[in-house]
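I have placed the structure first, in the form of structure tokens, so that the comments after it can refer back to it.
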Amino acid sequence: METPLQSLQAGCWFKLICGASYQALPEVRSLALVYALAGADCIDMAADPAVVAAVKSGLAAAQRVAAEPAHPLINTPYEFRRPLLMVSMSAGEDPHFRKAWFDSAVCPSECDRPCERICPAAAIDSDGVIDAHCYGCGRCLPVCPYGLIEARSQPTSVDAIAQQTLTQVDALEIHTQVGQLDEFRSLWQRIRPWVGHLSIISVSCPDGEGLVDYLRALQRLMSLHTLGIALIWQTDGRPMSGDIGKGTTHAAVRLAQKVLTASLPGYIQLAGGTNQYTVFKLRELGLWQPSKACSEGMSVNARGVAGIAYGSYARRLLMTEIGQTHYLEEDPQALKTAVALARSLVMPVKQVNEETIKPATQS
């Protein structure tokens, strides 16, 4: 059975993005439980000790379920193995590290609350924004007819909390944008003493003028090859938009093409607009060329994508099932349904032919 790093090398890496500022602990726990059972290689989360603890609790539950002979999920397509844990931090202002806010007391009574209807995380109610559920997508900002909603930045502070989370995980993602080299350098200097044990560092960056030169500067600054740490370039095509519609995946694919052409050292992994159409589009363009089979652990084609990260779409896919109970493993049927849905997203990345695996609905 391949390890997560072998999946990255083979070009069949699947990452779940719980959300850099998403702190709904029961939902985060259930997402970790379900996607770990479905075969995810990595789970990315907020750099918050409570969120890390929730993910670890979900993984412990997944391991118990996988070891239970009588459990309905025993017919998994391959043996359970623990995904890598990754936390996200920001080097400067970034939309992933913000929350919506408004004072519900000043909302006009006649407002039909379009903000509540459009929120993909059900983070708005009559009292305002539910802070733990908001992950900063910003969709509510332009729809308020009175302009009452604002975005408040909540970047990760590099303090004892961030240091504490870095010691508990396997990987780190740094969100940045073109032009933030000074901020990136400052962050890197402060966290450098805490990264030596990590397996992977991912740099998430949207497109911008001078992108390739900026990424090269970051690569020189970090010099990860001297630390023996793998480097992932997360091409953030259209941040937090994968659940909007089919077309959002085009931005993620276009940005991946741009970075692939630059032949930067490291692995290319898509994010930002990824959804159920992403693998199909990559195959159509000849960008998805994993090495024969993920389990062989071979090196990914130098001009191919190494993996895909799914965030808003992956969460939205399971929201009906995981919102029903804090301990999803205690409801075998709901867990079975959730894992089947998660596998529909994981299996195409893993290059497993759906005809060769037992559907999760079979006993």
Side-chain angles (χ1 to χ4, degrees), residues 4 13-25 27-28 31-32 35 40-56 58 83-99 121 131-138 153-159 161-177 180 183-184 186-188 190-192 194-195 198-206 218 222 224 229-237 239-242 252 267 269-274 307-315:
W13 163 270
F14 181 102
K15 186 177 83 169
L16 167 69
I17 302 173
C18 287
S21 59
Y22 188 56
Q23 295 160 308
L25 301 183
E27 287 82 359
V28 166
L31 286 166
Y35 277 98
D41 294 296
C42 182
I43 297 177
D44 181 11
M45 72 205 88
D48 178 329
V51 174
V52 174
V55 169
K56 287 186 172 182
L84 297 180
L85 300 186
M86 175 184 284
V87 292
S88 284
M89 302 177 69
S90 61
E93 291 287 329
D94 188 279
H96 295 86
F97 298 84
R98 66 181 182 181
K99 302 277 190 181
D131 190 72
H133 286 254
C134 178
Y135 59 84
C137 72
S153 179
Q154 295 187 343
T156 307
S157 57
V158 187
D159 53 17
I161 293 179
Q163 294 170 4
Q164 180 182 347
T165 60
L166 282 177
T167 62
Q168 298 184 53
V169 298
D170 312 291
L172 168 66
E173 181 156 280
I174 302 176
H175 288 258
T176 186
Q177 299 182 45
Q180 293 181 337
E183 292 91 339
F184 194 101
S186 176
L187 173 65
W188 181 250
R190 295 172 69 181
I191 66 174
R192 174 64 181 79
W194 305 94
V195 304
L198 300 178
S199 301
I200 295 171
I201 288 182
S202 173
V203 174
S204 180
C205 191
L218 299 183
M222 293 185 291
L224 296 184
I229 299 174
L231 172 62
I232 293 176
W233 300 112
Q234 177 166 286
T235 55
D236 198 1
M240 298 173 286
S241 67
Y267 300 96
Q269 173 225 276
L270 276 70
T274 53
I308 304 173
Y310 295 89
S312 54
Y313 181 81
R315 298 192 298 268

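This chain uses plain numbering: 1 for the first residue, then up along the sequence.
Side-chain contact between V87 and Q168 is absent, with no heavy atoms from C-beta onward closer than 4.5 Å. The closest side-chain heavy-atom distance from W233 to Q269 is not below 4.5 Å. Side-chain contact check for V195 versus M222: every heavy-atom pair is 4.5 Å or farther apart. The closest side-chain heavy-atom distance from W188 to L218 is not below 4.5 Å. With contacts defined as side-chain heavy-atom distances shorter than 4.5 Å, the pair R315/L31 qualifies. Contact annotation: the side chain of W13 approaches that of I232 to within less than 4.5 Å [non-hydrogen atoms, C-beta and beyond]. Counting heavy atoms from C-beta outward, Y135 and I17 have side chains that stay 4.5 Å or more apart. Within the 4.5 Å cutoff, no side-chain heavy atoms of L187 are placed close to those of T176.
With no hydrogens or angles considered, no side-chain donor-acceptor pair links D170 and S199 at under 3.5 Å.
The nearest pair of heavy atoms linking C205 to Q177 is SG-CA, 3.9 Å. Nearest heavy-atom pair, V28 versus A54, reported as atom, atom and distance to 0.1 Å: CG1-CB, 4.4 Å. Closest of all the heavy-atom pairs between L85 and V55 is CD2-CG1, 3.7 Å. Across A314 and Y35, no two heavy atoms sit closer than the pair O-OH, 2.9 Å. Shown here for A47 and S88, the closest heavy-atom pair between the two residues is CB-O, 3.6 Å. For the residue pair A309 and Q234, the shortest heavy atom distance occurs at CB-OE1, 4.0 Å.
With rounding to the nearest 0.5 angstrom, the CE atom of M89 is 12.0 Å from the CD atom of E173. Rounding to the nearest 0.5 Å places CD1 of I201 at 8.0 Å from CG of L231. A distance of 11.0 Å separates CG of L224 from CD1 of I200, quoted to the nearest 0.5 Å. From H133, atom NE2 reaches atom NZ of K99 across 9.5 Å, with rounding to the nearest 0.5 Å.
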Practice problem: Decide yes or no on side chain to side chain contact (heavy atoms under 4.5 Å, CB included) for D44 and L16, but give the supporting numbers first. | Solution: CA-CA 6 Å; D44 181 11; L16 167 69; over 6 Å; no
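Qualifying side-chain hydrogen bond (donor to acceptor under 3.5 Å, both in side chains) partners for E27, counting only residues two or more places apart in sequence or in other chains: none. Under the side-chain hydrogen bond (donor to acceptor under 3.5 Å, both in side chains) criterion, S21 pairs with no residue, sequence neighbours left out. Applying the side-chain hydrogen bond (donor to acceptor under 3.5 Å, both in side chains) test to Y313 and every residue at least two apart in sequence or in another chain returns Q276.
Not one N or O on the side chain of T274 forms a donor-acceptor pair closer than 3.5 Å with the backbone of A271.
The aromatic rings of F14 and Y310 lie parallel to each other, their planes meeting at an angle below 30°, with 60° marking the opposite boundary.
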